[in-house]
Structures are given as C-alpha cells and as structure tokens.
Amino acid sequence: MSSRQADMPVGLLADVFERIEAITSRTQMTALLVGLFKQTPPEIIDRVVYLIQGRLWPDWKGLPEIGVGEKLLVKAIALATGVTEASVEGLSKSLGDLGKAAEQLKSKSTGRSQGVTLLSYTQQRTELTVNRVYETLVRVAMAQGEGSKDIKIRLLAGLLKEASPKEAKFIVRFVEGRLRVGIGEATIMDALATIYGGGVAARPLIERAYNLRADLGEVAKILASKGLEAVKEVRPEVGTPIRPMLAERLSDPGEILEKVGGDAFIEYKYDGERAQIHKKGDKVWIFSRRLENITQQYPDVVELARNHLKADEAIVEGEIVAYDPETGELKPFQELMHRKRKHDIHSAIKEYPVKVFLFDLLYLNGHDYTVETLPVRRSKLEEVVDKVEEFTIAEYIRTNKVDELEKFFLKAISEGAEGVMVKALHGDSIYQAGTRGWLWIKFKRDYRSEMVDTVDLVVVGAFHGKGRRGGKYGALLMAAYNDEKDVFETVCKVGSGFKDEDLDKLPEILKPYMRDRRHPRVVANMEPDVWVEPALVAEIIGAELTLSPVHTCAYGKVKSDAGISIRFPRFIRWRPDKSPEDATTSNELVEMYQQQLKKITGETKPSEEA
DNA sequence: TTTGGCTGCCC
DNA sequence: ATTCTGC
DNA sequence: GCAGAATGGGCAGCCAAA
C-alpha cells in the first residue's frame, strides 16, 4: 500500500468530528461535513469517506477486517499511554467510551510521563495525516497469523502515541467500528451532493450509484474526479453486490395493507440467511445481507444456481434455509448457522442441507430490473427459475384483503416461517435499497405479544452503557427462578426496550440491591459489571427461545451443555407486583421450549391439514 | 494438542 | 435483529 | 418518517495460553 501524494492532516477530520458530535441538527452536520470535503484532495476522498464510515473498505471486497476489538484496543491504549490495562478499562467503563478514555489519558500524559519510556524527541510530534493513519490501519488489518495480535497492538500503540488526544479519541472509535458522531451514509451522501452535485437535489443520483456499487468511497471518488455525469453512468454489474432493499415493521394487518396501498404481494418470511445470487455463465457469486461474499460457504447453492437459473447473466435474491430433506421441514435459524464455516464445507453440506426460496430479480441479461415494479420483477423471476425442491420461489399470494393476509400469516407460521413480508406492487414499487417508502413491510409473530412467550425475569446484574448510555447502565442480566434448587439462573441480557427515562431511573432502582459479588442464589457463567441481589422482576419479550452455551437456565435439561435463552430480548415493563420467586421458573421455560419445538416441527405433519 | 478468549457476522 | 430519540 | 445509535443470542475462525 503506497502513499499517495495528496494528503491532509488527520487533525482536520478530528476537529470536524468533534464539532459534529456536539450538535444534533442534521442540516448543520451536513454543512460541517461539506466544509471537510471541500478541504479534502479528491485523490483521498475515498479514504476520508471510509474513515467516516468506520471501515477500511467495503465488506464485499473480501479484504480482512481490522481484527481489533475492545480488549486489544485496551492493550494498545495502555501501551501507548504507559498506564495499566486495568486503569484504561476502568476509565472506559466510567466514561462509556474507550475513545474518550484514550483522549483523557493522552492529554494527562503529554510529554514527560510517556517520554520516560523512551525517546524525548517524540515530544515534537510530526503531524499525523490521513494517509499515514489509513495505511497504518491497513497494516493492522493485514497482520495475520502467529504473532499478529502483538503486531496489531504495537502498530496501534504507535499510532496513538503520535496522535493528539483528540485524534486518539477518533482513531480508537474508528477501530471500534463506529465514530459515534451522528454521521451515517445518508449524511455523507447529502454532503457529497451539496459539493459535487450542485445541491441535495443530486442526492437520489448519488444514492442510486451507491446502491449499485455498495462502495461510498468509490462513489465519492468518481464524483470528485469525474463529476456527477460519471455517477449517472453507473449500472448494475454481475459480481458486484447491490445494496439490499429492507423492510419496515408493523403489527397490524389492516394498517400494513393500507401502507402498501391496498393490493399487495404477501410472501413467507423464512428464518434463514438472505442471499443475493449473481450468475454469469458458469460463474456464481453469493452475497450476504451485509454484502459479504459468502460463495465459499454454499457450494450446493452455487450448483443449484448454475443449473436452475435459466439466464446467462442474472442477479436474484432469496433466503437460504436449513431443512430436513427426509421430511421437508424447515429447521431453525440456529441450525443454518452451522453452515457459517470455511472448513469442512462438504461434510457441513451433508449435515446441514439447505434450500433456497427466491423472492426477487434485480438484473437479467443486460437489463436493470431494480427500476421495474415488483410485478414485473416477479414475473421475470418466474420465467428464469427452473424450480426444484431445493431451489424455488418463496410461497406467496396476492391480495388486498385483511382476512386473507391473516390467514396466510398463520399458515406461514405453521409451516416454520417467522412471519410474512407484505410488498407493494403499485407503479412505484421499484427495488429501493434501504427502508424508505414503506414498499416492504414485515409482519412477524413476535410483534404480537399474544402470539409469543412473554416472561418475567429477575435482575441479577447490570452492565455499564456506552456512547449515549455512557455513565449509565446499558443493559441488565436477567434470570429465571429455579424453584427446585431455589436459585436464579441466567436467561439473557436485555438492553433494548428501555426509554431514556427508564435508564435514568435505573441506578436508583438498583441501588438497594447492588453488591460487589455474585449473590449465592445466583447461578451465572457471565460476569456483569455490578451484581444485583435478586429482587426486581421485569417483563421481557422475545421472538423465541434458543439453546444457549452461556446461560445457565435449565442447563442440561433440554440438551447437555446448553441452557435456555431468548432471541431478540427486549424490556417491556417492571413488575413491581411480583417477587423474585414469582418470576418465570426454569422449568416453565423448559416447557415453553418444548412447546415451541412442537409448533415448528409438529403442526405441519398432522393429516387433518388441508 | 487442547482450550478458551476475542472478534466478526448472521439473525 | 429491536427499540428509542431528535429533527 | 428518516437517520442514527443504543442494545440482544449465538455461531465459526483465529490466535494465544494452557
């Protein structure tokens, strides 16, 4: 990775980030970002954009990640500032921000204290530049194999030593993968449109290019070097992933149909992994929802696409689901996850067979279908797919009736789907990346509390929050009551569902029960930041129960070496009327788990069906 | 050689 | 993944 | 309604410690 000639001080970025962090108005944020881009040489605008996004390059390039998380970062900061890891960790916990911790340590230890370690000339620091920082971070990412953790730590520590306190804050946050200043891709696009497109009116053009390239750095570079006209020329390309269309969520069927404009396609929402499948001649690529190249994980799907997509060039989308070829039943998401592997793929194929349910077509033989309506895309999809059991089109109906939607939804659930997708089919129902426009709406079982298990769990611990939850608790450790052993066994953490107000009250609520050590009646593998004596009960909702390698609830009862946990847990409300012994018991969770198994595997089989 | 901590990516 | 918040 | 940033369970891969 050679240095590029054009460069700029990274301090300029840090200054702008800090100013943006302090405000909440999106308009002002965009204006500040515009100011930054104006000072950015076009040659390095891609790097600046990546740095703002908290990444080195797009996921789909297949390049390594930084491979440094919180723990290694603590080591690097300790090494760079000459304090113990424990003190870095402590500061980070209390500030809720490892970046701020680094900043504080840097500003306290300017000059001498760290100069003691080695050379005094480090005091007259050379200014860090964007290229210098970027290239060092690339070296961190590229360090792999034996001894690589040490290399990563040293490289980062070196960078942090050279950095000003403010720069250190953002370097650390970058490595964590989020700058946390309130700038996302939309704000970046607005800023780019303002500078290079003559105003925010150019945003849709820029966004379209971004959707088709999934590389905002590249789009920025095209804009900066060749202008808006060049961006208009961007077309879908087989082998280059397209940013996925996402869905809104709603729990009322009537409202859903209203939102999509009455008439709609309703299709099963399968619980698997989303896949964007590209085919060009014999060559096939598969991209995940985050546009990682997952082709290697699914040689069976590659083969299916090769044989059953009747097109020279195509991009289609579907869901890969684990299933049992003997019975035809769909298997839970957890089963499919065993396919997330690089090694032993061929034994995994046999052990965890999958099938593919296609639901969209984005490109076909030179024609861009992302700009076509859903009915057009669907009918082309039907033409192009040579359906077989393992490679088929998602089950769907077309309707404008609420009761038919309800009925189809129940059928979907009974067949092991997690709900349905409701999709607009009107004249504007294009393939629109992201969530805008209410064109797709998901309707899942767990959005309806009456259809899903709600549990009352006991608080046994708490975790310090980060970012906007810095200085507060960010999550609680929850447990079920084991009435046979008279102990509390952990089920999950919960950090979602709290209003700011709830979080603000937490310290006061927890205060009477906080302890330094685990309460003797608590059984946990996990170590929270603070332990809490079992006393407080909260209602928790989730999508379903899972088998857990870490949580201790009913450990070994359903499966050896596994407890019971909850997928997508969220806080609903406190249950001050309940004592900890009134909480949901471990045995009740076992029963709920077994009931759930019956729902998934049992109900399709009975012959009274149909 | 095995185990376990950490990380990234699925949902 | 879900949820909350500020604009 | 959009955009952004909090937060969850759990899997495999990787690397270092045991």
Side-chain angles (χ1 to χ4, degrees), chain A residues 23-30 54 59 64-75 96 143-150 152 176-190 246 248-249 259 270-275 288-292 294 297 319-320 332-344 348 418 434-438 442 444 446-447 463 465-470 472-478 491-503 540-551 562-572:
Chain A
I23 57 177
T24 51
S25 153
R26 310 214 55 75
T27 338
Q28 287 179 46
M29 287 183 186
T30 309
D59 294 324
E65 297 305 311
I66 295 191
V68 173
E70 208 177 304
K71 296 295 158 82
L72 289 188
L73 217 28
V74 165
K75 288 181 193 284
Q144 286 172 305
E146 199 178 326
S148 60
K149 287 201 176 169
D150 208 46
K152 285 175 193 281
E176 282 186 301
R178 47 187 179 188
L179 252 32
R180 291 208 286 236
V181 296
I183 304 175
E185 53 201 20
T187 314
I188 299 174
M189 284 191 278
D190 276 347
L246 304 176
E248 297 285 351
R249 292 172 305 140
K259 277 278 187 191
Y270 300 93
D271 193 10
E273 178 170 18
R274 186 162 177 179
S288 70
R289 182 189 132 131
R290 277 190 48 181
L291 307 182
E292 295 281 342
I294 52 171
Q297 284 166 40
E319 190 84 3
I320 300 176
F333 176 75
Q334 256 182 310
E335 287 282 314
L336 180 73
M337 282 300 92
H338 295 300
R339 287 293 296 271
K340 263 182 56 123
R341 63 163 83 170
K342 284 187 179 179
H343 310 303
D344 274 334
E418 54 177 359
T435 52
R436 255 160 316 111
W438 293 87
K442 58 181 152 181
K444 288 167 61 168
D446 62 298
Y447 302 160
F463 298 85
K466 295 173 186 173
R468 58 173 281 121
R469 295 193 185 172
K472 310 178 192 181
Y473 294 113
L476 300 176
L477 181 59
M478 309 300 299
V491 173
C492 64
K493 295 201 283 173
V494 61
S496 193
F498 295 106
K499 301 256 201 291
D500 277 3
E501 203 189 343
D502 298 322
L503 292 171
I540 305 295
I541 196 171
E544 65 198 342
L545 302 179
T546 55
L547 289 176
S548 171
V550 296
H551 288 288
I564 292 178
S565 187
I566 299 180
R567 180 145 82 143
F568 312 143
R570 52 260 196 205
F571 172 87
I572 301 295

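Lettering of chains follows the sequences in order, A, B, ..., and the numbering in each one begins at 1.
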Closest to side chain of [X], choosing from [options]:
X	options	value
H343(A)	dT7(D), dG13(D), dG9(D)	dG13(D)
W438(A)	dG8(D), dG10(D), dC2(D)	dC2(D)
R341(A)	dG10(D), dA6(D), dG13(D)	dG13(D)

Margin query: Suppose you measure atom P in dT7(B) against the same atom in dT2(C); what distance do you get, rounded to whole Å?
Written below: 26 Å
Next item on the list: May I ask you to say whether D446(A) pairs ionically with R570(A), meaning some side-chain N is under 4.0 Å from a carboxylate O?
Entry: yes
Margin query: Any carboxylate oxygen within less than 4.0 angstrom of a Lys/Arg side-chain nitrogen, looking at E70(A) and K466(A)?
Written below: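 Yes, E70(A) and K466(A) are salt-bridged.
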Would you classify [X] as touching base, sugar-phosphate or nothing, given that sugar-phosphate means primed atoms plus P, OP1 and OP2, and contacts are heavy atoms under 4.0 Å?
X	answer
D59(A)	nothing
K444(A)	sugar-phosphate
F571(A)	nothing

Check: Hey, where on DNA chain B does chain A first and last touch, going 5' to 3'? Cut-off is any atom under 4.0 Å from a heavy atom.
Finding: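 Span of nucleotides near chain A: dG5(B) to dC11(B).
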Checklist line | Outermost nucleotides of DNA chain C that come under 4.0 Å of a non-hydrogen atom of chain A | finding: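 Going 5' to 3' along DNA chain C, contacts run dA1(C) to dC7(C).
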Next item on the list: Could I get the full list of side chain to side chain contact (heavy atoms under 4.5 Å, CB included) partners for A186(A), not counting sequence neighbours?
Entry: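 A186(A) satisfies side chain to side chain contact (heavy atoms under 4.5 Å, CB included) with R203(A) only.
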